[in-house]
Amino acid sequence: MGRRIRLATRGLVFNGDKLLLVNAWPDGKSDLMCAPGGGAELHQSLPDNLSREIYEETGLTVTVGPCVLINEFHDPDGDFHQVDIYFRCSLVSGELSDTWQDVENIVTDRRWVTREELATLRVKPDSLAEVAWDHDAHAAYDPLEPILR
């Protein structure tokens with residue numbers, strides 16, 4: 001049986017006008033940044049999954065709000081295909097710390113960025129800035145994008 005589509009949740013978390021981003025490439029294999037989150041677990045709601053993932057990756061506690069984006073990406077030459085469901089989140093408590101280590105030891109960078117700073121970084125999905133800073137946006141769908149490494 002072939003591989004299945006992987007389902008993941010991601011959070012758009014703001015601190016003032018700054019968006020939370022992480023680099024989840026072990027050993028700094030890539031400079032690609034994304035919103036925090038991760039693969040969905042069986043028998044756990046998507047919002048519960050996301051709040052757990054954000055805490056594990058950053059040490060921050062959030063409440064999960066509405067879904068604002070569904071993004072698909074894949075490896076056209078391989079068997080990887082993932083669907084990310086993005087939710088708008090509110091920061092409840094915590095501060096980013098250089099000493100925080102995620103459970104899986106994958107996140108190598110976590111930071112708050114302005115929209116201007118985001119424009120200077122390699123990020124996925126392509127619509128991240130537009131969706132993140134449009135606080136009145138309703139759920140959107142990004143078509144299938146090729147994976148970046």
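Sequence positions, counted from 1, serve as the residue numbers for this chain.
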Measuring from [X]:[atom1] to [Y]:[atom2], what's the distance to the nearest 0.5 Å?
| X | Y | atom1 | atom2 | answer |
| --- | --- | --- | --- | --- |
| Glu117 | Leu21 | CD | CG | 9.5 Å |
| Asn23 | Cys34 | CG | SG | 7.5 Å |
| Asn15 | Leu20 | CG | CG | 9.0 Å |
| Thr9 | Ile54 | OG1 | CD1 | 7.5 Å |
| Asn105 | Gln101 | CG | CD | 4.0 Å |
| Glu116 | Leu118 | CD | CG | 9.5 Å |

Main chain of [Y], side chain of [X]: is a donor-acceptor contact present, judged purely on distance under 3.5 Å?
| X | Y | value |
| --- | --- | --- |
| Trp100 | Glu95 | no |
| Arg10 | Ala35 | yes |
| Asp75 | Asp79 | no |

Item to complete: Report the C-alpha separation of Tyr55 and Leu60 in whole Å, then their side-chain angles, then the decisive distance to 0.1 Å, and conclude whether the side chain to side chain contact (heavy atoms under 4.5 Å, CB included) test is met.
Response: CA-CA 5 Å; Tyr55 182 78; Leu60 302 176; 6.0 Å; no
Taking the side chain as everything from C-beta on, heavy atoms only, tell me whether [X] gets closer than 4.5 Å to [Y].
| X | Y | result |
| --- | --- | --- |
| Leu121 | Arg111 | yes |
| Asp31 | Asp109 | no |
| Arg52 | Glu41 | yes |
| Cys89 | Leu50 | yes |
| Thr114 | Lys18 | yes |
| Ser30 | Arg122 | yes |

Worksheet entry | Within 6.0 Å of CD in Glu130, more than 12 heavy atoms from elsewhere | no
Discussion item. Using ring centroids (six-membered ring only for Trp), state whether Phe73 and His81 fall under 6.0 Å.
Written reply: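 No - the distance between ring centres of His81 and Phe73 does not fall below the 6.0 Å cut-off.
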Worksheet item: With a 6.0 Å cut-off on ring centres, are Trp112 and Phe14 close enough?
Response: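 No, the ring centres sit 6.0 Å or more apart.
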With the 4.5 Å side-chain cut-off for hydrophobic clustering, are [X] and [Y] part of the same group?
| X | Y | answer |
| --- | --- | --- |
| Phe87 | Val83 | yes |
| Val92 | Val13 | no |
| Val62 | Val103 | no |

For [X] versus [Y], what's the shortest heavy-atom pair and its separation?
| X | Y | value |
| --- | --- | --- |
| Asp84 | Ala8 | OD1-CB, 3.2 Å |
| Ala132 | His135 | O-CE1, 3.7 Å |
| Phe80 | Arg6 | CE1-CD, 4.4 Å |

Worksheet item: With distance as the sole criterion, is a donor-acceptor pair present between the side chains of Arg110 and Ser97 under 3.5 Å?
Response: no
Fill in: Pairing residues for Glu57 by the side chain to side chain contact (heavy atoms under 4.5 Å, CB included) criterion, not counting sequence neighbours
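Partners of Glu57 under the side chain to side chain contact (heavy atoms under 4.5 Å, CB included) test: Val22, Pro36, Glu53, Val107.
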Worksheet item: Just one of Asp134, Val131, Asp136 clears the side-chain contact (heavy atoms from CB on, under 4.5 Å) bar with Val68, so which one?
Response: Val131
Discussion item. The test is side chain to side chain contact (heavy atoms under 4.5 Å, CB included); show your working for Leu12 and Leu69 and say whether it passes.
Written reply: CA-CA 10 Å; Leu12 300 178; Leu69 175 65; 6.0 Å; no
